[in-house]
2 protein chains.
Amino acid sequence: MSFRHIIAIMKKRNKTKFVILGLLTIAPLSGYGIKSLIDKSITYFWSESNGQIYPTLNLLLKEKLIILKERQSVGKKIRNIYTITKQGTIELKKWLNTLAEKNIHRDETLLKLFFGGASSIKESIKHLQTRKKEIEKNLKNYHLIQKMIQTQEDSPHNIYWLICLRNGLISAKADLKWCKESIKTLEEHKQ
Amino acid sequence: MSFRHIIAIMKKRNKTKFVILGLLTIAPLSGYGIKSLIDKSITYFWSESNGQIYPTLNLLLKEKLIILKERQSVGKKIRNIYTITKQGTIELKKWLNTLAEKNIHRDETLLKLFFGGASSIKESIKHLQTRKKEIEKNLKNYHLIQKMIQTQEDSPHNIYWLICLRNGLISAKADLKWCKESIKTLEEHKQ
DNA sequence: GATTACATGTAAGTTGTTACATGATTAA
DNA sequence: TTAATCATGTAACAACTTACATGTAATC
């Protein structure tokens, strides 16, 4: 036990806090609603689990960054709807205006391809084909989301949502191109 | 405390193990060598910290998937060089031939852009410009790595490394295009 | 009558990073 | 002589997932 262990270790940025605050600027939501919204919208670049959401919700309540707007109780069913507070929007804005940390992305498919020499061309092609299918599925979904955003009434969020969506579209298309090209390269190499 | 907590919870896939095994198929390496090689090669799609590498190295020794090939001792300096065992290559191959888990990628920049409506156009453009600079830096590095691989003698790894590199190049270019386009969109929206 | 969706929450784990300690060697 | 690089390792934490418990309400 040395000195360094006594002094406080650098606080980690709990991003779940800001994801929740951000979503509450769109509409008041329950914990369940937050999880569903994440899975329907930002899931392609961000995800959260219930084990993160519910405890964070209580933390935010304690810090007065959100408040319980409504507590529905039909029979024994409980439903908590939260709203962001003024202090909450201030904290969110502070974080939004802060430089993003360098994002560390981990891609298991690429890792397996990198070590392809220790396996076989056949297996590597299989990984690429699985990836290809996944991208094609995502692409279809992106198009659906795009229509949904474009047909809804104008909101200050729309421009930002379309930008994020466009990132998904462009990246997916590029990745797809790479898949096709790489499958071809490996197949030619086989002969 | 219920039954579910007594029965073993599903084992997690320790991917650090396979990263190390994979790198040892390229050459015998020390812990330090492994860390350096990761930072010079696969860092764009995979990273590991010393806190993961050294304990895993001892785990792999215990499981006999690697062996201590050489123990250099000049003065008091210690240096452990590890080699992969036959059993190690078998385990690696097993993992390589297994479907990759769906990769969850978390992108803080996109998250901040998604909530841009709670901040300002100016701040959102700033995030995009930071991203743009980062990609441009990466692109330069990709070109350097590409030359390095292409000028070195032919090895069974080359084709796979070039495929991974090409993913970096294609993705980076697509992302850069998106950055430029999005900056323009937001700037036009300002007026 | 069974399944799915709605709804909240936690225990127990795994995974991963950070910030050090320790000390040798090499280059400016 | 100072700084950087080489080299191994760990304590303390933060972050995150999984697999449940425990219900209600709606729908097929």
Side-chain angles (χ1 to χ4, degrees), chain A residues 1-20 29-40 43 46-61 68 70-82 101-106 108, chain B residues 1-20 29-40 43 46-61 68 70-82 101-106 108:
Chain A
M1 189 71 170
S2 60
F3 185 67
R4 73 197 157 99
H5 294 130
I6 298 157
I7 56 165
I9 277 182
M10 274 278 278
K11 274 260 178 68
K12 275 281 183 68
R13 50 278 113 140
N14 189 347
K15 284 163 201 169
T16 310
K17 271 176 68 166
F18 302 108
V19 176
I20 293 176
L29 290 164
S30 64
Y32 187 90
I34 287 166
K35 176 76 171 114
S36 315
L37 190 48
I38 289 171
D39 293 344
K40 270 189 298 184
T43 189
W46 205 272
S47 64
E48 296 286 351
S49 65
N50 283 345
Q52 294 272 98
I53 291 170
Y54 287 101
T56 304
L57 233 23
N58 286 318
L59 187 79
L60 287 169
L61 264 182
L68 197 58
E70 206 178 309
R71 200 189 172 90
Q72 292 175 358
S73 246
V74 192
K76 258 191 171 181
K77 189 184 163 194
I78 322 159
R79 195 187 182 205
N80 304 324
I81 306 247
Y82 300 97
E101 290 171 59
K102 229 198 132 194
N103 84 73
I104 301 150
H105 98 272
R106 296 184 135 208
E108 197 184 327
Chain B
M1 189 72 169
S2 61
F3 185 66
R4 72 196 158 99
H5 293 131
I6 297 157
I7 54 163
I9 278 183
M10 275 278 277
K11 274 261 179 65
K12 275 282 185 64
R13 51 277 116 138
N14 188 347
K15 284 165 200 167
T16 309
K17 270 176 68 166
F18 302 109
V19 175
I20 293 176
L29 289 164
S30 64
Y32 187 89
I34 288 166
K35 175 75 171 114
S36 315
L37 189 49
I38 289 172
D39 293 342
K40 271 189 297 184
T43 189
W46 204 272
S47 65
E48 295 286 350
S49 65
N50 282 344
Q52 294 272 98
I53 292 169
Y54 286 101
T56 304
L57 234 21
N58 286 317
L59 187 78
L60 287 169
L61 264 183
L68 197 58
E70 206 179 311
R71 200 188 172 90
Q72 290 174 1
S73 246
V74 192
K76 260 192 168 177
K77 188 183 163 193
I78 323 159
R79 195 185 183 206
N80 304 323
I81 307 248
Y82 299 96
E101 289 173 59
K102 227 197 133 193
N103 84 73
I104 301 149
H105 100 271
R106 295 185 134 206
E108 198 183 327

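In what follows, every chain begins at residue 1, and chains take the letters A, B, ... in the order their sequences are listed.
Put simply, OH on A:Y32 is 11 Å from C1' on C:dT8, counting in whole angstrom units. In this structure, the CD1 atom of B:I38 is 10 Å from the P atom of C:dT17, given to the nearest Å. The separation between A:H105 atom NE2 and C:dG16 atom C1' is 17 Å, rounded to whole Å. Distance, A:R79 CZ to D:dA25 P: 13 Å, rounded to whole Å. Summarising the geometry, the separation between CD1 on B:I104 and C1' on D:dT17 is reported as 9 Å, rounded to the nearest angstrom. In this structure, A:L37 atom CG and C:dA7 atom P are separated by 13 Å, rounded to whole Å. Put simply, CD on B:Q52 is 15 Å from P on D:dC16, counting in whole angstrom units. Here the P atom of nucleotide D:dT17 and the OH atom of A:Y54 are 15 Å apart, to the nearest Å.
Two residues are said to be in side-chain contact when any heavy atoms from C-beta on lie closer than 4.5 Å; A:I38 and A:I53 meet this criterion.
The environment of CD1 in B:I104 is sparse: at most 12 heavy-atom neighbours from other residues, nucleotides or ligands sit within 6.0 Å.
Between the side chain of A:S47 and the backbone N or O of A:T43, no donor-acceptor pair lies under 3.5 Å. A donor-acceptor pair under 3.5 Å is absent between the side-chain atoms of B:K35 and the main chain of B:S49, judged by distance alone. At least one donor-acceptor pair closer than 3.5 Å links the side chain of B:E108 to the backbone N or O of A:E101.
Here CG of B:L68 is found 9.0 Å from CD1 of B:I81. Values are rounded to the nearest 0.5 Å.
Place B:G33 and A:E48 on DNA chain D by their nearest nucleotides, and B:G33 ends up nearer the 5' end.
In this model, the phosphate group of D:dC6 is not approached by any side-chain N or O of B:S30 to a distance below 4.0 Å at OP1 or OP2.
The only member of B:I20, B:L61, B:L60 that meets side chain to side chain contact (heavy atoms under 4.5 Å, CB included) when paired with B:Y82 is B:L61.
A:G51 comes within 4.0 angstrom of a nucleotide base, judged by non-hydrogen atoms across all strands.
End-to-end axis angle of the helix from C:dG1-D:dC28 to C:dA28-D:dT1, from C1' rotation axes over five pairs per end: 40° (rounded to 10 degrees).
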